[in-house]
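Input: a single structure, listed below in structure tokens.
Chain A is the first sequence line, chain B the second, and so forth, proteins listed ahead of strands; every chain is numbered from 1.
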Amino acid sequence: MLREHEVGGSNPPAPTIFCYEEEMEGYSVKEVEKKWQDYWKKINLFKTKAVPQKKYYVLEMFPYPSGDLHIGHMKNYVIGDVISRYKLMQGFDILHPMGWDAFGLPAENAAIQRGINPEKWTYNNIAVSKNTMKLMGLSYDWEREITTCAPDYYKWTQWLFLKLYAHKLAYRKKASVNWCPSCQTVLANEQVEEGTCYRCHTPVKKRDLVQWFFKITDYADRLLEDLEKLDKWPLPVKTMQQNWIGRSEGAEIDFSLDKIDQSVRVFTTRPDTLFGVTFMVFAPEHELVPKLIKGTSQEDEVKKYIEQAGKKSDLERTSLKEKDGVFTGSYASHPLTGEKIPIWVADYVIMGYGTGAIMGVPAHDERDFEFAQKYKIPIKTVIRPKAVEDFDAAQKGAAYTEKGIMVNSEKYTNLTSEKGIKEILKDLETNKIGKAAIYYKLRDWLISRQRYWGAPIPMIHCEKCGVVPVPEEDLPVLLPEEGVDLTPKGKSPLASVDAFVNTACPKCGGSAQRDADTMDTFVDSSWYFLRYTDNKNKKEPFNKAKIDAWMPVDQYIGGIEHAVLHLLYSRFITKFLYDIKRIAYDEPFKALFTQGMVLNKGEVMSKSKGNAVPVGPFVERWGSDTGRITILFAAPPERDLEWTEEGVQGSNRFLNRVYRYGMQHLDEVKHIDIKDMEVATLTPEELKLYKNVHQTIKKVTHDLELFHFNTALAFLMELLNRLYRVQKANKFLLRFAIEKYMLLLSPFAPHLAEEMWQKLGFTTSIFKTDWPGFDPNYIQDVEIEIVIQINGKVRSRLTTEPDTPEEAVKNAALEDEKIKKYLAAKEIKKIIYIKNKLINIVIK
RNA sequence: GCGAGAGUGGCGGAACCGGCAGACGCGCUAGACUUAGGAUCUAGUGCCUUCGGGUGUGGGGGUUCGAGUCCCCCCUCUCGCACCA
């Protein structure tokens with residue numbers, strides 16, 4: 001018995017596992033798979049057509065080349081490979097490329113820790129990964145390979161930056177940003193998970209820094225609305241994007257201030273609660289706070305509070321903490337009643353959303369309620385539930401947050417919330433103290449990184465001319481290879497490379513400095529799927545005709561972890577390129593499939609956890625086909641999959657059985673042409689098998705369309721079991737069954753299917769053969785079983801021809817011996833007949 | 001707290017519109033072939049049973065001739081968001 005740790009290990013393989021057919025000497029899976037991989041390459045099977053007629057673009061998320069690929073990676077690629085081969089056999093012109101998301105921190109860390117050049121490290125890893133992919137026999141067109149850290153790729157990433165800049169969608173601003181102290185760089189909002197860095201899970205800190213942003217918020221509405229177009233995306237991903245964009249409709253309302261001759265703007269989704277405002281809260285970072293407290297008795301206390309709040313991380317400020325705050329000693333006046341409203345500072349209001357100031361309506365907002373209770377601020381009810389005449393939130397001890405009927409609201413009293421919102425907005429607008437507004441949770445995409453191994457931001461800082469873009473013809477701005485100290489010091493390593501930084505201003509020719517930051521690697525991957533369509537173009541990122549011929553991606557496959565990262569960024573960049581008329585589609589991925597993870601001993605398979613099963617040694621021992629079947633059969637692909645030794649053995653057993661069956665009958669069927677088969681001469685038993693083949697073609701095809709690979713394989717196993725049970729059969733029928741069987745199996749176990757195909761005497765690749773169709777005339781079974789129920793319980797069965805009329809079935813059922821026994825002296829109330837399925841006799 | 005998804009044998013998982021629950025595989029049991037079996041083949045395998053049958057899809061109720069599937073309530077788990085005004 002193999003122990004689990006031996007899977008893919010270095011033990012010499014047992015010969016019976018290693019061979020499809022134990023009797024055949026020197027016949028190893030390894031050699032057979034190599035043979036067909038070489039053959040596919042030789043005949044250019046996966047070469048992309050320059051001009052596709054009927055295109056199909058299938059793509060798996062490209063990996064970061066960390067070296068050894070493990071089974072978790074393999075799952076992603078195998079799913080894509082099945083689809084690609086299936087579509088190929090259906091006559092599509094396929095684009096199925098692969099590449100490397102090659103910029104990123106691990107290369108830099110390896111360089112720091114072990115003194116290896118990041119470029120060298122990365123290209124070594126690419127070589128290893130690529131070699132492993134070749135062992136898997138994946139159907140990539142390697143001519144289309146791209147590498148994001150190669151200058152001929154990142155030149156165009158920089159080009160993209162310049163285009164965004166030209167359209168005012170790339171800008172620089174000072175902002176409070178997320179800083180990861182471990183990675184020593186800033187992060188975009190999407191890259192912070194529960195207050196920690198998505199990569200290393202160190203709690204992030206806030207820092208005020210000048211950084212480059214992409215204005216993704218300009219696209220918030222379209223990114224949200226167009227989710228509706230993505231009917232072939234999984235709902236959870238769409239929901240996550242929807243929540244992330246976080247659109248809310250409401251109003252901006254201005255409150256005038258007593259201390260200074262300025263008003264403060266708040267955002268609220270509930271203008272109908274305006275009469276319930278009993279206080280205001282400003283975020284500690286709000287720009288007006290210093291002005292408000294200047295010279296007051298509260299000044300010191302407020303300053304102290306702000307200072308403390310500033311020290312806390314986001315996590316400490318938000319999670320599970322009782323709200324606190326301080327009174328500023330200052331007041332605002334109510335825009336409609338003129339009432340004096342006390343202004344507080346509290347860190348439950350954050351600068352990052354809305355205007356950084358809120359109107360406090362404790363009666364109708366849970367957070368405001370909690371705050372008001374703590375500081376004994378009045379709670380004034382202005383909305384009542386429709387069904388309750390006199391409602392008081394303070395008495396009830398909880399905020400009423402639903403919509404309802406307005407009360408205590410002067411002329412608006414007795415209006416519904418919906419009506420009241422409209423009326424109040426109208427009046428605010430007339431008085432120019434408020435208007436309808438829509439706010440988003442989505443923030444602009446912070447793309448500067450203070451690290452070396454990324455695409456340099458193509459910008460130059462000139463004392464005279466300000467920020468000047470590098471002219472397009474000067475791209476790429478190359479990363480310096482010499483004299484770079486990579487040790488993180490909180491600023492970009494490039495900043496201290498004089499030869500890189502010092503340059504001439506493109507505008508005035510005077511001395512100037514290059515921007516020393518590099519771009520977020522998610523910028524690299526936000527457009528890579530476009531480059532595959534024209535990966536060798538030296539003049540432009542892609543040719544218009546070529547990209548329009550291939551885009552959008554028909555089927556994208558990857559992990560759900562990119563739901564609001566890569567997938568959102570890619571949609572944004574695609575829409576931008578559509579707007580500047582570079583591409584004809586404004587959504588990059590027509591269909592998305594998110595596969596589940598591979599677990600080993602209950603934990604996600606990963607190198608760092610030490611439970612990764614590397615693909616190389618595994619394939620070496622068991623073959624790629626066995627790995628593919630194990631992955632595809634064990635669970636539906638969207639679900640997590642527990643990798644087990646038993647699963648591997650079962651899959652290997654299945655493939656051996658397929659091969660053995662083929663070999664057993666090879667002599668018999670080798671020279672048969674199925675065109676000579678006469679279905680009319682088949683015996684009833686043979687006809688049944690013939691129909692089984694047609695039924696299997698139908699079911700496997702159907703399941704492939706739905707990504708139900710596990711059930712498709714179950715049907716193939718079932719058919720194989722039936723074939724084994726047939727002792728003697730018509731040669732033509734056997735040939736027919738084996739041929740169709742190999743075709744159906746080929747997307748799943750391509751090497752074995754190709755091998756058998758050749759043994760059957762074919763001289764062209766099985767993948768150049770049409771996917772089999774079924775004859776609808778041979779789908780229905782020769783005879784069917786009808787269940788006889790009494791009061792819904794199965795009591796007997798009868799066998800009959802399909803579509804037997806109701807009367808005949810009824811009579812037969814009533815004549816059934818077992819049934820008769822149940823019916824003795826009972827009154828039949830009614831009989832329900834479901835054609836070809838069951839008959840239910842209802843008795844008293 | 002909000003949002004999404006899921007709960008079916010010893011295990012992974014099947015079951016289209018409400019119509020035979022447990023396909024297929026693993027594991028297990030017995031047998032065959034064997035020097036051997038960790039190969040292969042055959043048969044069996046939800047649970048209980050007095051061998052008639054009873055019972056069974058997280059728990060409880062309901063609709064229906066009939067519910068894993070539809071409706072209501074509750075429990076558990078996974079994932080995402082998390083003071084979003």
Secondary structure of RNA chain B in dot-bracket form (Watson-Crick or G-U wobble, distances below 3.5 Å, | marking inter-strand pairs): (((((((..(((......[....)))((((((.......))))))(((....)))..(((((..]....))))))))))))....
Residue-phosphate contact under 4.0 Å: A:Arg639 side-chain N/O, B:rA14 OP1/OP2: yes
Atom pair distance, as rounded to whole Å: CD1 in A:Ile841 and P in B:rG66: 15 Å
Residue A:Trp244, side-chain atoms from C-beta onward, closest of B:rA82, B:rG12, B:rC41: B:rA82
Length of the CG-C1' vector between A:Asp640 and B:rC11, whole Å: 16 Å
side-chain N/O A:Asn710 vs B:rG25 OP1/OP2, d < 4.0 Å: no
Sugar-phosphate only, base, or nothing, as touched by A:Ser248 at under 4.0 Å among non-hydrogen atoms: sugar-phosphate
Geometric class of the A:Tyr569/A:Trp445 ring pair [parallel <30°, tilted 30-60°, perpendicular >60°]: parallel
A:Arg797 CZ - B:rA21 P separation (whole Å): 8 Å
Whole-angstrom distance between B:rU8 and B:rG52, as gauged at atom C1': 29 Å
Separation of the C1' atoms in B:rG12 and B:rA6, to the nearest angstrom: 16 Å
Sugar-phosphate, base or nothing in reach of A:Lys829, heavy atoms under 4.0 Å: nothing
N/O (side chain, A:Arg265) to phosphate O (OP1/OP2, B:rA85) under 4.0 Å: no
C1' spacing across the pair B:rU49 / B:rC41, given as an integer number of angstrom: 33 Å
Beyond-backbone contact of A:Leu592 with A:Pro234, side-chain heavy atoms, under 4.5 angstrom: yes
Sugar-phosphate only, base, or nothing, as touched by A:Glu785 at under 4.0 Å among non-hydrogen atoms: base
Touch class at under 4.0 angstrom, heavy-atom based, for A:Glu366 against every strand present: nothing
Atom P, compared across B:rC71 and B:rC16: separation rounded to whole Å: 16 Å
Syn or anti conformation of B:rG52, syn meaning chi within 90° of 0: syn
Whole angstrom value for the distance that separates P of B:rG12 from CG of A:Leu641: 12 Å
N/O (side chain, A:Lys793) to phosphate O (OP1/OP2, B:rU55) under 4.0 Å: yes
Whether A:Phe371 and A:Tyr348 hold their rings parallel, tilted or perpendicular, with breakpoints at 30° and 60°: tilted
Separation of the C1' atoms in B:rU64 and B:rU69, to the nearest angstrom: 13 Å
Touch class at under 4.0 angstrom, heavy-atom based, for A:Asn721 against every strand present: sugar-phosphate
Between B:rG25 (C1') and A:Leu632 (CG): distance, integer Å: 14 Å
side-chain contact (heavy atoms from CB on, under 4.5 Å) partner of A:Arg628, chosen from A:Leu655, A:Leu752, A:Val82: A:Val82
Sugar-phosphate, base or nothing in reach of A:Arg247, heavy atoms under 4.0 Å: nothing
Sugar-phosphate, base or nothing in reach of A:Val349, heavy atoms under 4.0 Å: base
Ion pair check, A:Lys818 and A:Asp816, cut-off under 4.0 Å: no
Plane angle bin for A:Phe275 and A:His334 - parallel if under 30°, tilted between 30 and 60°, otherwise perpendicular: tilted
Interatomic distance where CG belongs to A:Leu838 and P belongs to B:rG66 [whole Å]: 13 Å
Touch class at under 4.0 angstrom, heavy-atom based, for A:Asn840 against every strand present: base
Distance in angstrom units between A:Leu599 CG and B:rC79 C1', rounded: 13 Å
Parallel, tilted or perpendicular: rings of A:His566 and A:His562 (30°, 60°): perpendicular
In B:rC17, glycosidic geometry as syn within 90° of 0 or anti otherwise: syn
Closest to the A:Val794 side chain, choosing from B:rC20, B:rG53, B:rA23: B:rC20
Closest to side chain of A:Leu235, choosing from B:rU40, B:rA4, B:rA14: B:rA4
Whole-Å gap separating P (B:rG1) and CD (A:Glu322): 18 Å
Integer angstrom distance from the C1' of B:rC83 to that of B:rG7: 32 Å
Short side-chain N/O contact from A:Arg725 to OP1 or OP2 of B:rC41, under 4.0 Å: no
Exercise: do A:Tyr353 and A:Ser248 side chains pair donor with acceptor under 3.5 Å: yes
Residue-phosphate contact under 4.0 Å: A:Arg795 side-chain N/O, B:rG54 OP1/OP2: yes
B:rG9 glycosidic torsion: syn (within 90° of 0) vs anti: syn
Residue A:Arg653, side-chain atoms from C-beta onward, closest of B:rC24, B:rC26, B:rA4: B:rC26
Residue whose closest nucleotide on RNA chain B lies nearer the 5' end, A:Glu638 versus A:Ile832: A:Glu638
Contact summary for A:Ser417 and A:Ile383, nearest pair of heavy atoms: OG-CD1, 3.8 Å
Atom P, compared across B:rU63 and B:rG54: separation rounded to whole Å: 23 Å
Atom CD of A:Glu561 with >12 non-hydrogen neighbours under 6.0 angstrom: yes
Any A:Arg657 side-chain nitrogen or oxygen under 4.0 Å from OP1 or OP2 of B:rC41: yes
